[in-house]
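Below is one structure, written out as structure tokens, with a few remarks after it.
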Amino acid sequence: SQQGEEDPQALSIQEGENATMNCSYKTSINNLQWYRQNSGRGLVHLILIRSNEREKHSGRLRVTLDTSKKSSSLLITASRAADTASYFCATDDLIGSQGNLIFGKGTKLSVKP
Amino acid sequence: DTAVSQTPKYLVTQMGNDKSIKCEQNLGHDTMYWYKQDSKKFLKIMFSYNNKELIINETVPNRFSPKSPDKAHLNLHINSLELGDSAVYFCASSQEMGGEQFFGPGTRLTVL
């Protein structure tokens, strides 16, 4: 079953601007992860945030998690053309998927130079 | 060195054929996975394999079967291929269930 839902489905910004993507999920989780997928490539892990954490940073990435609202956001600051990719959130649905990751549909980010 | 590798990268075949996709990881991970990504980029888990325990997504047809000759390999066999099987298939691995996953480059399967 679909767990994560990203919003927006597509986002187009200029280089240097910040990009914010949101993810909502349905069940209890241990952690939430964000992945990036460049066109024609496999997914690359960006960051993992545990259910007892509220915010996490990694370079130009900032992830927040609100377990009461079952939502997360990924902020990419000072975007670059190389950030153009699809971004997916994934959660470990302990009940429905026996610990497997359930991915959302993704946000397609386009950063124009 | 490639962490998770898949072969072939492209696979074009006729309906009704049987085909296999190979996956190898050199990360020493205990768990491996197969995903299917459709034309709308939706990524769906098909199988996970951990210490000889196989977890199957109940929506996956039994024409699909994973085979693991050892901890570093999880191959995907598909029998009687159908048009709807056309997609990109990704192999992945992780040290533990629910943890960070490392993905292969994908195999684009086209069934004619």
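Order of the sequence lines sets the chain letters (A, B, ...), proteins ahead of strands, with each chain counted from 1.
Across A:Leu101 and B:Gly99, no two heavy atoms sit closer than the pair CD1-O, 4.1 Å.
Residue B:Glu96: no heavy atom, backbone or side chain, is found under 4.5 Å from chain A. Within the 4.5 angstrom heavy-atom criterion, atoms from both the backbone and the side chain of A:Leu43 approach chain B. Interface remark: B:Phe102 contributes no atoms to any contact with chain A (heavy atom separation under 4.5 Å).
Ranked by non-hydrogen atom pairs under 4.5 Å with chain A, the options B:Lys44, B:Glu100, B:Gln6 are led by B:Glu100.
Under the 3.5 Å distance criterion, with hydrogens and angles disregarded, no donor-acceptor pair is assigned to the side chains of A:Gln33 and B:Gln101. Side chain to side chain, A:Asn22 and A:Glu6 fail the donor-acceptor criterion of an N or O pair below 3.5 Å. Residues B:Tyr33 and B:Ser94 have side chains that bring a donor and an acceptor to within less than 3.5 angstrom of each other.
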